[in-house]
Structures are given as structure tokens and as C-alpha cells.
Amino acid sequence: MFVVTETRTGLTGTPVVPGVAYGPVTLARGEVSAAAVSAFGDGPYADDEAALAAYDAAAAAVGDGFQAKAARASGATAEVLTASAGLAKDRGLRGAVRKQLRSGEHLLPAVHAAVEQFVQTFTAMGGLMAERATDLRDIERRLVARIVGEPEPGVPVPDEPSVLVAEDLAPADTAGLDPAIILALVTERGGPTSHTAIIARQLGIPCLVGVAGALSLEAGVPVLVDGVAGTVEVDPDSDRAWSLVAASAEQQAALQAWSGPGATADGFAVKVLANVADGGSARAAAGGPVEGVGLFRTELCFLNRTEEPTVDEQAEIYAEVLRAFGDSRYVVVRTLDAGSDKPVAFATHEGEENPALGVRGLRLSFSNPGLLTRQLDAIAQAARDTGTETWVMAPMVATVAEAAEFAEAVRGRGLKAGVMVEVPSAALLAHRMLEVVDFLSIGTNDLTQYTMAADRMATDLAHLTDPWQPAVLQLVAITAEAGRHAGKSVGVCGEAAADPLLACALVGMGVTSLSMAAAAAKPVGARLASVTHDQCEEAAEAALAASDPAAARAAVRALLV
Ligand code: PEP
Ligand code: MG
């Protein structure tokens, strides 16, 4: 294990995607340098028109940059980037800048005042519009960079394959990241469920998050990133580094050869499933060695919709996913988990004080039961149309009564009914939940958030939002044990299932299926195939007995080598 010493040979963090990478550091820049802004001062412009022309050039360059990224992205990311391109070139924003210049402001304060004016207007509109405030501030930083002649903040495109080091990465930063050029991701902040971790998992590149001191690494310095041990070694012996990379590449190639179905080395079957968001991701996942879909996040189909789609329209969207798995595999469809970090305009309640603890997921049906019944009708219609085995589960279930009512509605449509275990109350009462539903699926992302009382998006709390936390594992174990007792399936569909080491411990606790980003299926399936069920049980015991996440990881790693 590396330690941060005075000569600093290494840094440590939370490993989230396995693999070893060696290459020079490239730094993603968060802010325009204060020195450049101060050197620019009031700017060299003879008059307002010259300043406005400089603004126009900057806005065009920023807008074109977003447009180019949008062209390389797809789905919701492409839409967000296209909207940002429109905002950067917005005539109203330009008009506000011109007004500021005419009233005697210099260019940088004029841009700032105009952007702030827009931020206030958008914030007052609330909902999705209010969320564009972050994008506007990002646009301002990019405009300022262009005006003072600096590169735009964000992810650079390095000339040679490099290790990308950042404070944390936003969706706009990661759209179009090329794994051929970005060898590994290292972020100072962020946790196992952060956007950075999710993207790295999709790209299949080694990733460490929560690496204290990462931003003090110098651009260009060679580093060795170990996505299993959680270490970043600075300027290592290059022969040793290359041989470690080669050994890891060999291991990764062996993992890629795994073709399912999921089982331990001694033949204990565990279903390896995919998490999908729409027809496109379902078709991509269906080509891999998965036995079905363990989590279809339906709300992700509607993030940009202002009106609720009709039952027929919804049925067609769901059928696209079901059709991809119509060859005797099955799909677990989750009903709308709108609210909190996934606002859906036609469903989410606005202006909640504390949305993560508010009306999200199944709770939306309390005051709007039609929303759920129309969705269930559409899912049933899609199941009939495609003939695919369809299970349906509800998110954010807190009581047995909620589970019973939901199960009745689902079974009434001839489908298998389950609920997610994301709230500690559901885990503690798993045995009673299983009296009224056919299966449970543990959402470790939210279960961790609610168990540790730590916002899953709060990068400062990444040490708490770690599914290896003993209290979270205890709740998983209680739930899995209840499933074993009832003889019913208990899956895990949160990010924990995508961690090959943790996946083994989860199976040892009694979890019967693991659902994850499709890219994680091979590493997880191969890891599972390399250990016996007894070893998984020993790993579970060791993880549960450990005092903290780092000790749990180390204990499980030692048992499963
Ligand atoms: C979870 O909470 O673990 C989960 C799978 O749901 P989501 O990440 O979509 O909230
Ligand atoms: Mg969740």
C-alpha cells in the first residue's frame, strides 16, 4: 500500500474500475486561471463595438465546441450539449451583454452581469429550467477563457495516451471521452456512485475516485494507476510499470473471454444481468453474455419530456427494450423513479425542501395514481406485444403496505411483482416484504445514501457513500438472508454489483442475481467463475466483520486472490 510521504511517491483513493494504466498526467481544468483574468484586466478594446465583437467570437467558439461534442454524443447527453450550444449563442444573452457594455461596463464584468441575470430568470422559473443555471455558469467560464485567450476549462484532448486527472467530472466533460487516448481516470473528489465512476465503468477504463492530492500532480508526469489496489504511483520505474500494465492487460483479455452464464467455479448459479436505459442500450447489452436485464430505468426515457407520453407511446418505448431480450431472456422493468437527482417534468414535484427524502419513485403515485396505472398498462401491453418475460418493480418503497398494493396492481396485469430495497426500512423488513412480493432488488446506491445519511451526489462525503460500509453490507445481508429463507430471488442492481470483489461477497451473503452496466458483466462474471461458493461465503463474513470500507476491501481481496 502506498502512503503519502514527504517525497510523495504515491497517492491512494477508492478503486472503482479494475485495471492498470501507465502514462503521463493530463489535467482537466476546472477554472480559468486567476492570473490570466487579472492580466487581461479591462481588455484592449477601443469601444463597445470592439468589445462586443470579441464577445461574439468567444460565443461562436464556445457554441461550436458544444455542437462538436454533441455530434460525438448520443441520447440525453447530446440533447444537453445541443441546448448548451444554443445558450452560448443565445441572442438574448448577447443583448444583455451589449446593454451592460453600453452602460459603461468592461467586457468581463458585462458577461458576468448578463449571465447572472439569466441565472436569476431561470432559477425563478424553477424545475428543469433552474437546473440550467449550472450550465450557464459553465458557459460563462468558457466565454471568459476564450476572451482572455486561455483554453476552455474542461477535459483536454491530449496528444498521447494519458491518465486524466480532475477534481470531478460532469456529464458534459465526459461526453465523447475516447478510451484510446484516456488510459485511466483519477479524481480528487467523487465516490463509487459518482458520474465519473459510472462513465469509467461504461468505457471499461481503470478508475480511482476520492484521491486526496490528485490535483497537485503535475501535467506530464508519468503515473501508474492501479484500479484494483486503489493506488497512483508517481514516476515509477518504467520497466516495472510496463510489465504491470502488460500483466493487467493479459488479465483483462482473459476476463473479456468470459461468455456466461454466471456461476461460481463450483457451479453455483448466479444470474449476471444488465442495467439499461432505453432501446439502444438494451440492444447493445443484449449482444453480451447477460441473462437478461435486472434494471430498466424507465425514467431515463423521459428526462426531456414535458408531457406524459400516452400509454401506446410508452408501450412502444418499453417494447424496444423487451424485444432486445425476446430470445427467452427476461427484463426487470422499474416503474418511474422520477424526482431528486432524476427530475422528470411531467411527474416530479417542484420546490421540495429535500427532494431525496421527498415525493420520488413510488411515492409519486400517492397523489397521482393514474401515472402508475398508465405506466403499468403500458408495460403489460409491451410484454404482451413482445412475448418477453417481464418482471416489474417499484423504486423507493418504504413500507410493506406500499409493496402489497404495488404487487397487487402488477399481478393483476399478469406480471411478476417486486420492489427495490433502497430504504433501510425495506431491508429491515425484507422477510415481510417477501410475503407480499415475488422478488426483491437491492439498490445499493440509494440504500447507501439513506443508511449513511449522505447525499450520493455529495463528493465531499464519498467516504460515506461507499457500499462497502459495514452498515450497508449488514442491511444487504439481512435482505439476502430473508430471500434465502423465503426461496425467492434477491438481486443487487446498484453500482455495488459491478465491483468484481464486492460481487463475490454479495453472492456469499445469498444474493441470487447481479445487475450492472453491460461493460462490467465480463469482469464480474469472470471473477465469480474463479472462486468457489465457499470462498464467497468467507468473503461475505470477512466484509461484514471489517471495521471500515478499506479494511473490508483488503480482507476480501486477501481471501480471493
Ligand atoms: C440504486 O439506488 O442503487 C439504483 C439502482 O437506482 P438508481 O441508481 O437509479 O437510483
Ligand atoms: Mg435508486
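Sequence positions, counted from 1, serve as the residue numbers for this chain. Just so you know, ligand 1 is whichever comes first in the structure, and atom 1 is the first atom listed for that ligand.
Annotation: Glu299 places no N or O atom under 3.5 Å from an N or O atom of ligand 1; distance criterion only.
In the candidate list Glu495, Met420, Glu422, Arg456, Arg456 is nearest to atom 10 (O) of ligand 1, counting heavy atoms.
Only side-chain heavy atoms of Asp337 come within less than 4.0 Å of ligand 1; its backbone N, CA, C and O stay farther off. Contact annotation for Gln449 and ligand 1: no heavy atom of the residue comes within less than 4.0 Å of the ligand.
Using a 4.0 Å cut-off to heavy atoms of Gly494, the atoms of ligand 1 that qualify are 3 (O), 5 (C). The ligand atoms of ligand 1 that sit less than 4.0 angstrom from a heavy atom of Leu295 are 5 (C).
Taking distances strictly below 2.8 Å, the protein N/O/S atoms close to the Mg ion (ligand 2) are Glu422 OE2, Asp446 OD2.
In this structure, Glu316 pairs ionically with Arg323, as a charged nitrogen and a carboxylate oxygen lie closer than 4.0 Å. Look at Arg297 and Asp337 and you find no salt bridge, because none of the NZ, NE, NH1 or NH2 atoms lies under 4.0 Å from a carboxylate O.
Between Phe296 and Tyr318, the ring planes lie perpendicular to each other; the angle is over 60°, past the 30° to 60° tilted range.
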Discussion item. Under the criterion side-chain hydrogen bond (donor to acceptor under 3.5 Å, both in side chains), I'd like the reasoning laid out for Thr298 against Gln375: C-alpha separation, chi angles, the key distance, then a yes or no.
Written reply: CA-CA 10 Å; Thr298 57; Gln375 186 176 24; 3.0 Å; yes
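In this structure, atom 6 (O) of ligand 1 lies nearest to the protein heavy atom Arg334 NH1, 2.9 Å.
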